[in-house]
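Labels below follow one simple rule: chain letters A, B, ... track the order of the sequence lines, proteins then strands, and each chain is numbered from 1.
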2 protein chains.
Amino acid sequence: MQPRKTTIHDIAIRLSLSASTVSRALNNSPRISLKTREKVRNAAAELNYKPNHLAMNLRKGKGTTIGVIVPRLNRHFFSHAISGIESVINPTNYNLMICQTNEDYETEVKGLQSFVNHRLDGIIMSIATGTKKTGHIEYVVKEGIPLVLFDRMMGKISVDQVFNDNFAGSYDMTKHLIEQGYRKIIYFSGPLHLELYTDRYNGYRKALADSSIGFENEWLFTDVLTQSRGEEVAKILIKSDNIPDAIFAASDFSALGALLVFKNAGYAIPGQIGIAGFANEPFTGLISPAMTTLEQYSEELGRSAARMLIERMEFTTGLGAPNFVVVKPKLIVRGSTLRVPAGKERNEELISETV
Amino acid sequence: MQPRKTTIHDIAIRLSLSASTVSRALNNSPRISLKTREKVRNAAAELNYKPNHLAMNLRKGKGTTIGVIVPRLNRHFFSHAISGIESVINPTNYNLMICQTNEDYETEVKGLQSFVNHRLDGIIMSIATGTKKTGHIEYVVKEGIPLVLFDRMMGKISVDQVFNDNFAGSYDMTKHLIEQGYRKIIYFSGPLHLELYTDRYNGYRKALADSSIGFENEWLFTDVLTQSRGEEVAKILIKSDNIPDAIFAASDFSALGALLVFKNAGYAIPGQIGIAGFANEPFTGLISPAMTTLEQYSEELGRSAARMLIERMEFTTGLGAPNFVVVKPKLIVRGSTLRVPAGKERNEELISETV
DNA sequence: AAAAATTGTGCAATCGATTGTACAATTTTC
DNA sequence: GAAAATTGTACAATCGATTGCACAATTTTT
């Protein structure tokens with residue numbers, strides 16, 4: 001345990017130079033002779049000098065840390081998005097500070113505030129489902145801190161955003177279900193105050209309408225995103241003897257809950273009921289029947305978000321119009337909705353690599 | 001976009017006070033009258049004052065950020081450990097900075113260095129499998145930065161550590177397999193330079209020895225941790241017609257790979273071959289047959305690590321002897337090793353809640 | 001009522017690095 | 001060889017908040 005870390009002053013004293021010369025030498029200023037620069041570098045190495053980023057950032061008025069706020073780290077979608085962000089950020093001088101909100105509004109506000117206090121240079125965030133107000137985000141934007149919103153978009157705010165074409169993905173999935181002969185298609189939605197979920201819902205409705213299938217209000221269940229909620233609703237459906245042709249869930253997890261309950265209750269999937277999710281979580285390829293879902297290209301979303309943020313931070317002067325990147329999800333058809341002749345197992349060949 | 005953020009000086013000018021008085025007032029110093037404190041607080045709120053943590057930390061010589069380094073965020077084990085850490089850290093004034101190494105040594109060194117440069121106040125880390133040297137860790141300890149090692153322990157280093165009793169977990173699992181009648185039990189290990197994996201391996205060997213089962217060298221496969229490696233090895237076993245009674249993998253993922261390959265090749269699990277993993281990843285309860293594995297209580301490990309770190313940071317003066325917390329993994333028996341009478345499906349009742 | 005104790009506030013140094021400006025030393029120019 | 005241009009380095013202010021010490025104002029003690 002060293003009593004004090006070495007500073008540029010220590011180097012300066014050692015070499016009988018001034019601190020400013022040392023600073024310039026370490027920053028390769030052309031005003032310092034090559035010989036001196038060399039000497040300073042050697043002395044710095046000998047004394048095990050490590051620059052104090054706090055002091056640097058304070059003086060420069062800017063740092064090198066980017067904050068990332070996600071609802072949950074243990075979601076395939078988000079952890080891969082973070083990998084994407086890292087792949088762009090790591091080669092730069094920036095560092096990543098990650099915070100998870102557990103889908104909670106208060107935690108989100110607190111995390112964002114902490115980022116502002118720490119004078120982070122940029123923020124990439126995905127809004128919690130519990131968030132209904134946007135004041136905290138607008139505040140950050142007003143403060144002039146570059147911000148990119150990601151996955152959970154927010155049409156009202158004028159800020160860079162990266163997200164999936166949820167409408168299109170949902171539309172494609174619904175069309176697929178219809179093609180497979182399903183008609184009465186129940187929909188498990190997330191909270192409809194999030195555009196993400198209204199878009200998905202609207203895609204579903206549009207596909208039904210385009211196929212002249214009359215939607216009925218009781219087909220919609222909101223706030224069904226978790227496995228346990230999926231199980232609950234599935235049990236309700238069974239109990240009320242109100243068995244749909246298919247269930248399309250805006251979340252793989254609630255789709256999983258439903259799938260397990262129906263399977264356990266003896267229903268043939270996809271024969272009697274088809275089940276589809278959204279996100280292509282790894283488990284969807286492992287269960288049986290393997291689940292039809294939508295791939296969201298999370299790493300690519302993360303990379304785009306990071307690229308946009310760096311663009312904002314380094315090249316854009318002032319605000320300028322917000323940019324948008326939209327990625328279309330890909331339909332992944334698996335056994336849970338594919339009505340093939342007999343009970344032919346086909347999930348193995350569709351296993352997705354998890355590691 | 002404000003031109004400049006308000007500082008305590010701005011507040012001081014506004015109230016015709018000095019910056020020091022403002023600082024003291026905001027910190028609730030008893031040397032400042034209550035009336036003044038009140039006035040200062042109001043003015044601060046009006047001017048939308050946000051303390052600059054950079055300056056604060058610089059002056060105080062310490063900050064409020066704790067760094068966490070994990071090999072992978074998208075592992076159930078680590079993301080839940082982080083949740084555990086958060087549950088302890090969030091109620092305090094500390095913030096979390098998270099970094100993932102992707103099991104790579106270089107990335108680990110770089111991340112750790114960045115933490116040191118940013119003068120983080122404490123570090124919780126889990127060593128990458130790619131890490132064979134420990135100089136970078138010893139360096140941090142010598143610098144006097146509180147550090148807690150977690151999950152991947154390192155006996156050589158004198159530092160606080162939190163980890164599973166891998167030997168006991170492995171021993172229990174092997175005993176279970178033997179009780180189920182399996183004899184020729186192949187073992188998929190991780191890299192044996194990590195104590196984590198030697199401990200698991202030794203637990204397995206001890207259990208075999210205690211049951212007087214002769215171990216043979218070709219039963220051991222090292223560096224089989226991923227799904228794809230598990231698949232590879234399983235295919236090799238099948239091709240060489242060297243079918244074991246059971247496979248015990250030090251990773252759920254390689255166990256999964258083997259399970260899928262054997263299942264696909266028409267082997268009855270657990271009838272002809274038993275398969276067990278380690279970690280209780282969520283998918284283990286979802287596949288069929290559901291997989292026997294070991295629960296590691298990751299959240300509890302995370303909480304312990306965080307508590308130990310805070311203890312170090314706030315209460316311990318100097319170094320003192322390192323503390324250890326050891327958590328015993330729990331055997332989770334499921335269909336992949338349980339030889340029940342007929343092909344009775346029993347995985348549903350053992351599904352673990354994923355959300 | 002003078003001395004002592006208490007209370008409230010300000011001054012100035014400090015944390016570690018950066019940077020505009022000034023100045024001395026050296027080299028170039030005429 | 002003196003003046004001008006160039007080069008290398010130092011001084012001091014600065015970023016924003018904290019804190020030891022000093023000092024003035026007020027209250028208490030005797």
Side-chain angles (χ1 to χ4, degrees), chain A residues 2-41 43-44 47-65 93 116-121 143-144, chain B residues 2-41 43-44 47-65 93 116-121 143-144:
Chain A
Q2 278 165 279
R4 208 172 49 79
K5 307 203 47 115
T6 57
T7 71
I8 50 169
H9 296 280
D10 302 322
I11 302 177
I13 290 165
R14 163 81 93 100
L15 298 175
S16 304
L17 286 174
S18 76
S20 41
T21 302
V22 173
S23 169
R24 287 196 173 92
L26 290 172
N27 288 304
N28 263 314
S29 156
R31 301 187 56 70
I32 306 296
S33 65
L34 279 172
K35 227 192 300 176
T36 308
R37 281 189 237 173
E38 194 53 37
K39 270 195 298 189
V40 170
R41 258 197 297 268
L47 294 173
N48 188 28
Y49 167 76
K50 302 283 177 231
N52 183 326
H53 285 215
L54 294 176
M56 251 175 62
N57 295 347
L58 174 58
R59 182 65 238 269
K60 291 205 178 151
K62 56 158 286 185
T64 57
T65 306
N93 284 319
V116 173
N117 289 347
H118 281 264
R119 303 296 195 273
L120 296 207
D121 307 280
E143 286 285 309
Chain B
Q2 278 167 277
R4 208 173 48 82
K5 307 202 50 114
T6 58
T7 71
I8 51 169
H9 296 281
D10 301 324
I11 302 177
I13 290 166
R14 162 83 92 102
L15 298 175
S16 303
L17 287 173
S18 77
S20 40
T21 302
V22 173
S23 168
R24 289 195 174 93
L26 290 172
N27 287 306
N28 262 315
S29 157
R31 301 187 57 70
I32 305 296
S33 65
L34 280 171
K35 226 191 303 176
T36 308
R37 280 189 237 173
E38 194 53 39
K39 269 195 299 187
V40 169
R41 259 197 296 269
L47 293 173
N48 187 30
Y49 168 76
K50 302 284 177 232
N52 183 327
H53 285 217
L54 295 176
M56 251 174 63
N57 295 346
L58 174 58
R59 181 66 236 268
K60 291 206 177 150
K62 57 159 285 185
T64 57
T65 306
N93 283 321
V116 173
N117 289 347
H118 281 264
R119 302 295 194 275
L120 296 207
D121 306 281
E143 287 284 309

Between [X] ([atom1]) and [N] ([atom2]), how many Å, whole number?
{"X": "B:Ile32", "N": "D:dA25", "atom1": "CD1", "atom2": "P", "answer": "17 Å"}
{"X": "A:Asn117", "N": "D:dG16", "atom1": "CG", "atom2": "C1'", "answer": "13 Å"}
{"X": "A:Leu54", "N": "D:dT14", "atom1": "CG", "atom2": "P", "answer": "22 Å"}
{"X": "B:Lys39", "N": "C:dG8", "atom1": "NZ", "atom2": "C1'", "answer": "11 Å"}
{"X": "B:Leu34", "N": "C:dG8", "atom1": "CG", "atom2": "P", "answer": "8 Å"}
{"X": "B:Lys35", "N": "C:dT7", "atom1": "NZ", "atom2": "P", "answer": "16 Å"}
{"X": "A:Ile13", "N": "D:dA10", "atom1": "CD1", "atom2": "C1'", "answer": "14 Å"}
{"X": "A:Leu15", "N": "D:dT9", "atom1": "CG", "atom2": "P", "answer": "11 Å"}

So what does B:Ser29 hit on the nucleic acid, given a heavy-atom distance under 4.0 Å: a base, only sugar-phosphate, or nothing?
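Since no nucleic acid heavy atom lies under 4.0 Å of B:Ser29, the category is nothing.
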Report which part of the nucleic acid A:Leu26 touches: base, sugar-phosphate, or nothing (heavy-atom distance under 4.0 Å, all strands).
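No contact at all - A:Leu26 keeps every heavy atom at 4.0 Å or more from the nucleic acid.
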Has [X] got a side-chain N or O lying under 4.0 Å from the OP1 or OP2 atom of [N]?
{"X": "B:Ser20", "N": "C:dT9", "result": "no"}
{"X": "A:Ser18", "N": "D:dC11", "result": "no"}
{"X": "A:Asn27", "N": "C:dT18", "result": "yes"}
{"X": "B:Thr36", "N": "C:dT9", "result": "yes"}

Where each residue is assigned the nucleotide of DNA chain C containing its nearest heavy atom, which of B:Arg119 and A:Arg31 is assigned the position nearer the 5′ end?
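So the residue in question is B:Arg119.
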Upstream residue (5' side of DNA chain C) when B:Val22 and A:His9 are each assigned their closest nucleotide:
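Counting from the 5' end, the first nearest nucleotide belongs to B:Val22.
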Would you check if there is a donor-acceptor pair between the side chains of B:Asn28 and B:Arg37 at a distance under 3.5 Å?
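Yes, a side-chain donor-acceptor pair sits under 3.5 Å.
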Distance-only donor-acceptor check, side chains B:Ser20 and B:Ser23, under 3.5 Å:
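The criterion, which ignores hydrogens and geometry beyond distance, is not satisfied for B:Ser23 and B:Ser20.
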Side chain of A:Arg59, base of D:dT14: donor and acceptor closer than 3.5 Å?
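Present.
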Spell out yes or no: do the side chain of B:Arg24 and the base of D:dG20 have one donor N/O and one acceptor N/O closer than 3.5 Å?
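It does, because a donor-acceptor pair links the side chain of B:Arg24 to the base of D:dG20 below 3.5 Å.
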Nearest listed nucleotide, side chain of [X], among [options]:
{"X": "B:Ile8", "options": "C:dT9, C:dT18, D:dT18", "answer": "D:dT18"}
{"X": "A:Leu58", "options": "D:dG16, C:dT9, C:dT18", "answer": "D:dG16"}
{"X": "B:Asn52", "options": "D:dG16, D:dC11, C:dT9", "answer": "D:dG16"}

Quick one: pull up OG1 in A:Thr7 and OH in A:Tyr49 and give me the separation to the nearest 0.5 Å.
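Atom-to-atom, A:Thr7:OG1 and A:Tyr49:OH are 7.5 Å apart.
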Between A:Ile32, A:Ile11, A:Ile13, which is the residue that forms a side-chain contact (heavy atoms from CB on, under 4.5 Å) with A:Val22?
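Exactly one option meets the side-chain contact (heavy atoms from CB on, under 4.5 Å) with A:Val22, and it is A:Ile11.
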Main chain of B:Asn117, side chain of B:Arg119: is a donor-acceptor contact present, judged purely on distance under 3.5 Å?
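Present.
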Between B:Glu38 and B:Arg41, is there a salt bridge with N-O shorter than 4.0 Å?
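Judged by the 4.0 Å cut-off on N to carboxylate O distance, B:Arg41 and B:Glu38 do form a salt bridge.
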